[in-house]
Amino acid sequence: MREGIIIKGVGGFYDVLVDGNIISCRARGRFRKDGIIPMVGDKVKINSEKQYIEEILPRKNQLIRPTVANIDFLGIVLAVEEPEPDFYLIDKMIISAEMNNIEPIIIINKIDLGSPEKIKSIREIYEKTKYPIVSISCKEKKGLDKLNEVIKGGIVAFAGQSGVGKSSIINLLCPEKEIEIGKLSDKIKRGKHTTRHAELLCLDNGGMVVDTPGFSMMIINTLEAEDLQLYYSEFKPYIQQCRFNGCVHYHEPGCRVKEAVETGDIPKERYDRYIKIYTELKENRRDVW
Ligand code: GDP
Ligand code: ZN
């Protein structure tokens, strides 16, 4: 048996990438019996002569809309200008990524439109997190080397508001694909393309890109308000030092996280949105996700 990765699946046939070659396979009937449907991104063992997928290896994560498995990086794209960044959405995307065992990459696009001060102020919001921050301009083809370097060897998907440049980034990374700029993500938003199947596109650096821009918010039903703090990587150095066990860094005295906000070691606006999201979760207002 040989090991590969499903890069495309249409009508019961799966393209499996094995050592640089694509082998079209069907799935064994027993998968369906067991309620397992092979997904793009699945690492599989195949019988290459009979062209059957024999085994699906355990998934690191699986996303819906579009369905895809084993994502390593979520490129969270924002634009310096046009549209104005929605940091509340960005913070939630970071949380979703972290919960799904995906490393967020903050991608600041359209730097050709924004002032250096504004770009700097956006970087400052996220520089205390552990995530890579990449500033790029699709228009001027700037910064893409750095992005390529960060995603090397991994599977990357892109998310972000409509119009931030997700399709443009995918096209620049994989020029042979040609996604319609300024069109696709809007259609997905309107629900017309919801049945679209994602495909993985191969990069020269060994990485792969999910060809569908605009992952919808991964809805988080399981997140407890008390656990929200675990997904704020810049809180980590302080959490253990709070006076009370189980401090949620809100009204408690002796809270080191709040102290770090006061001294500027944690950006205040990240903390303020943490409180907003904490309150939503506490009140079980998950509809806003
Ligand atoms: P998506 O909705 O996130 O997939 O965004 P698109 O890739 O469709 O881009 C939306 C619009 O922004 C298009 O008109 C693009 O040409 C434009 N755009 C994308 N990247 C840049 C950039 O770096 N600078 C400028 N000025 N415009 C850009
Ligand atoms: Zn605290």
Side-chain angles (χ1 to χ4, degrees), residues 66 74-86 89-90 93 105-116 118-119 122 134-147 156-175 177-190 192-193 196 198 201 209-217 225-230 232 234-263 265-266 268 270-272 274-275 278:
L74 184 69
I76 300 174
V77 187
L78 62 98
V80 188
E81 306 277 353
E82 298 174 32
E84 265 313 300
D86 180 348
L89 180 73
I90 293 161
M93 286 181 166
I105 301 168
I106 310 292
I107 302 175
I108 305 173
N109 188 28
K110 307 200 190 185
I111 56 170
D112 55 288
L113 293 180
S115 66
K118 185 154 181 202
I119 297 165
I122 295 171
V134 188
S135 303
I136 65 170
S137 165
C138 292
K139 189 172 174 199
E140 295 179 347
K141 298 192 167 52
K142 275 192 190 150
L144 287 140
D145 293 350
K146 172 86 191 287
L147 180 60
V156 61
F158 294 99
Q161 290 155 271
S162 183
V164 291
K166 300 178 295 295
S167 311
S168 307
I169 294 170
I170 295 170
N171 282 339
L172 284 170
L173 291 173
C174 319
K177 184 64 188 181
E178 274 302 320
I179 294 173
E180 239 182 310
I181 308 284
K183 294 265 170 71
L184 188 57
S185 42
D186 290 341
K187 280 184 196 155
I188 285 175
K189 237 177 88 183
R190 291 201 302 269
K192 290 195 178 160
H193 269 254
R196 208 185 117 84
L201 310 172
V209 172
V210 181
D211 74 337
T212 310
F215 271 81
S216 51
M217 273 307 301
E226 289 71 22
D227 291 336
L228 179 64
Q229 56 178 300
L230 303 175
Y232 282 74
E234 68 268 57
F235 290 10
K236 253 171 216 159
Y238 309 103
I239 283 175
Q240 293 301 325
Q241 300 170 28
C242 292
R243 188 181 305 160
F244 295 108
N245 260 339
C247 184
V248 295
H249 327 299
Y250 196 1
H251 295 305
E252 298 92 335
C255 173
R256 285 283 289 120
V257 170
K258 278 195 287 179
E259 269 175 50
V261 174
E262 268 154 38
T263 56
D265 291 308
I266 291 173
K268 178 156 189 324
R270 277 276 287 168
Y271 174 77
D272 289 345
Y274 162 81
I275 292 296
Y278 174 87

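Heavy atoms only: backbone and side chains are in, while hydrogens, waters and symmetry mates are out. One-based numbering, in listed order, for ligands and for the atoms of each. Predicted model only: the values in this text are computed from it and were never measured.
The Zn ion (ligand 2) sits nearest to atom ND1 when only the N, O or S atoms of His249 are considered.
Numbered from 1 in the order shown, with element, the atoms of ligand 1 that lie under 4.0 Å from a heavy atom of Asp112 read 22 (C), 23 (O), 24 (N), 25 (C), 26 (N). The atoms of ligand 1 that sit less than 4.0 Å from any heavy atom of Val164 are 3 (O), 5 (O).
The shortest N/O to N/O separation between Gly165 and ligand 1 falls below 3.5 Å.
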side-chain contact (heavy atoms from CB on, under 4.5 Å) between Leu147 and Ile169: does it pass, once the steps are laid out? CA-CA 10 Å; Leu147 180 60; Ile169 294 170; 3.9 Å; yes
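Contacts of Leu113 with ligand 1, taken as heavy-atom pairs under 4.0 Å, involve the side chain alone.
Legend: residues meeting side-chain contact (heavy atoms from CB on, under 4.5 Å) with Leu230, ordered by chain and number and at least two apart, are Asp227. Qualifying salt bridge (Lys or Arg N to Asp or Glu O under 4.0 Å) partners for Lys142, counting only residues two or more places apart in sequence or in other chains: Glu140.
Every heavy atom of Gly160 sits 4.0 Å or more from the atoms of ligand 1.
Taking the six-membered ring for Trp and thresholds of 30 and 60 degrees, Tyr274 and His249 have ring planes inclined between 30 and 60 degrees apart.
The distance from atom CD1 of Ile111 to atom CD1 of Ile136, rounded to the nearest 0.5 Å, is 8.0 Å.
Between Glu82 and Lys110 there is no salt bridge, since none of the side-chain N atoms of the basic residue sits less than 4.0 Å from a carboxylate O of the acidic one.
The angle Cys255:SG - the Zn ion (ligand 2) - Cys242:SG amounts to 110°, with values rounded to 10 degrees.
For atom 20 (N) of ligand 1, the nearest non-hydrogen atom from the set Ile108, Leu78, Asn109, Ile136 comes from Asn109.
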